[in-house]
Number of protein chains: 2
Amino acid sequence: MNDTRGKLIDAAVETLRVRGIAGISARTIAATAGVNQALVFYHFGTVAGLVDAACRESTAARVALYRDRLGAVGSLHDLLILGRELNAAEREAGNVAILAQVLAGAQQDPVLAATARDSLQLWVAEIEAVLARVLAGSPVGELADAASLAPAVAAAFIGIELYEGVDASAAAAGLDALENLSVLAEVLEDLGSVGRRALRTRIRRARAGSGN
Amino acid sequence: MNDTRGKLIDAAVETLRVRGIAGISARTIAATAGVNQALVFYHFGTVAGLVDAACRESTAARVALYRDRLGAVGSLHDLLILGRELNAAEREAGNVAILAQVLAGAQQDPVLAATARDSLQLWVAEIEAVLARVLAGSPVGELADAASLAPAVAAAFIGIELYEGVDASAAAAGLDALENLSVLAEVLEDLGSVGRRALRTRIRRARAGSGN
DNA sequence: GTCTATAGAGGGATAGAC
DNA sequence: GTCTATCCCTCTATAGAC
């Protein structure tokens, strides 16, 4: 709405990025925004209320920024390229870092938990739509559905983002390794009906017993 | 060493679990331990010093608890079963939750970053050893090495653990879906030399150009 | 809608008695 | 090694002037 409200939202995002969930306070946010501390309570009631609004609004803005690109993804290969770019850009902008901070705080605070769940859901919904398209043309679709896989992808993304903060090179190597594993899916596609038959046999065997 | 020191370590772990990195203080930890607040500073210098020691010691204890079981893993299937059990047990004990909290705090604090890196490394080293054994007998080993993959596995594990705190059913479904994807590796093994040839063709193509 | 001022709680850390 | 007492800071939140 008005300008101060927007400045506080932006400052909350920035403060969460720079000082983390443990360093957030009405005073630190207001100082970053360049406004009076009391305005946090006037506009948002509590500090938690401001963090809630900031997380939701900034996530919605970031997701909207990628909606078109995500909509253009037609293959696993496209998805991996976009995922890499998204990882770098979000790291730069700090939105995944913010989600990670709110997610950490959410483990003990039911209000923050709702914020984190809803914000993550914005990403999960996009990821799910893309996965549904990519998996439809692949034998891998017989193994896992997009709705189940999407939260795992989002969660893994955040875990790796956190890991990047303490060991950037290991995290980068890990992302490379995961990317390489996608070749498994491509090989299965290359093998056509032979691969598909082997896959179905395996699935039957796994469902019947120990699978080994 | 002495008893108070141990009580403070245990209390720090418990407080990190119950109140998170944002709710940690010498007073909250001392109250949980049932000792005087000033003893935090006598034994550990600062609150951060206590958190550091607590994270390192509790992680080392949890890893030691699983070392034998991890050493007995001989196949991807074994690894997935143990992974599931480990996920449930660590969730119960709260050690992954603690690592997640320290990891969140580590994004802004270089001292905590070292704590998180070293503690995670304890898990990563174990995971790497297991992966090296499992991948040696599988064509998947041609795609990714254990050293690169291990940090990604640990990071993803933590991300999913955080996700469980805000949406337990989605996180569980995600773990199931990831588990199903492991069938991809088994199918490739089933296909023997045919699969291996297809895999090598794919890798050559991927390294040469766009891979699609 | 924005400011100052302030209440009241909680926090890190230390001095000094025991 | 443990305790009390305390300093001084930061925090949330509100009252009330402008």
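Order of the sequence lines sets the chain letters (A, B, ...), proteins ahead of strands, with each chain counted from 1.
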Calculate the interatomic distance between [X] atom [atom1] and [N] atom [atom2]; express it in whole Å.
{"X": "B:Phe44", "N": "D:dG1", "atom1": "CZ", "atom2": "C1'", "answer": "13 Å"}
{"X": "B:Tyr42", "N": "D:dT2", "atom1": "OH", "atom2": "C1'", "answer": "9 Å"}
{"X": "A:Arg19", "N": "D:dT10", "atom1": "CZ", "atom2": "P", "answer": "10 Å"}
{"X": "B:Leu39", "N": "D:dT4", "atom1": "CG", "atom2": "P", "answer": "10 Å"}
{"X": "A:Phe41", "N": "C:dC3", "atom1": "CZ", "atom2": "P", "answer": "15 Å"}
{"X": "A:His43", "N": "D:dA13", "atom1": "NE2", "atom2": "C1'", "answer": "16 Å"}
{"X": "B:Leu8", "N": "D:dG1", "atom1": "CG", "atom2": "P", "answer": "12 Å"}

Check your understanding: Base, sugar-phosphate, or nothing for B:Val40, non-hydrogen atoms under 4.0 angstrom?
Key -> nothing
Side chains of [X] and [Y]: closer than 4.5 Å at any heavy-atom pair?
{"X": "B:Val40", "Y": "B:Val35", "answer": "no"}
{"X": "A:Val130", "Y": "A:Leu82", "answer": "no"}
{"X": "A:Arg62", "Y": "A:Thr59", "answer": "no"}
{"X": "A:Glu85", "Y": "A:Arg69", "answer": "yes"}
{"X": "A:Ile158", "Y": "B:Tyr163", "answer": "no"}

Check your understanding: Near DNA chain C, under 4.0 Å by heavy atom, which residues of residues 21-37 of chain B?
Key -> B:Ser25, B:Ala26, B:Arg27, B:Thr28, B:Gln37
N-O pairing of [X] and [Y] below 4.0 Å:
{"X": "B:Arg133", "Y": "B:Glu128", "result": "no"}
{"X": "B:Asp176", "Y": "B:Arg84", "result": "yes"}
{"X": "B:Arg205", "Y": "A:Glu186", "result": "no"}

Practice item. Would you kindly say whether B:Glu189 and B:Ser138 are connected by a side-chain donor-acceptor distance under 3.5 Å? Key: yes
Review point. Which of residues 100-112 of chain B sit near DNA chain D, with a heavy atom under 4.0 Å from it?
Key: none
Within the side chain of [X], is there an N or O that forms a donor-acceptor pair under 3.5 Å with the backbone of [Y]?
{"X": "B:Ser119", "Y": "B:Ala116", "result": "no"}
{"X": "B:Gln107", "Y": "B:Leu103", "result": "yes"}
{"X": "A:Asn180", "Y": "B:Leu143", "result": "yes"}

Check your understanding: Listed by chain and number, what are the salt bridge (Lys or Arg N to Asp or Glu O under 4.0 Å) partners of B:Asp118, not counting sequence neighbours?
Key -> B:Arg56
Exercise for review: Could you pull out all residues at least two apart from A:Thr46 that satisfy side chain to side chain donor-acceptor pair (under 3.5 Å)?
Suggested key: none
Exercise for review: Starting at the 5' end of DNA chain C, write a dot or bracket for each base, bracketing those in Watson-Crick or G-U wobble pairs whose two distances are under 3.5 Å and using | for partners on another strand.
Suggested key: ||||||||||||||||||
N/O to N/O distances under 3.5 Å, protein versus nucleotides 16-18 of chain D:
none

**Study point:** A:Ala38 side chain, from C-beta outward: closest of C:dC3, C:dT14, D:dT2
**Key:** C:dC3
Practice item. Answer yes or no: does a side-chain N or O of B:Thr46 lie under 4.0 Å from OP1 or OP2 of C:dG12? Key: no
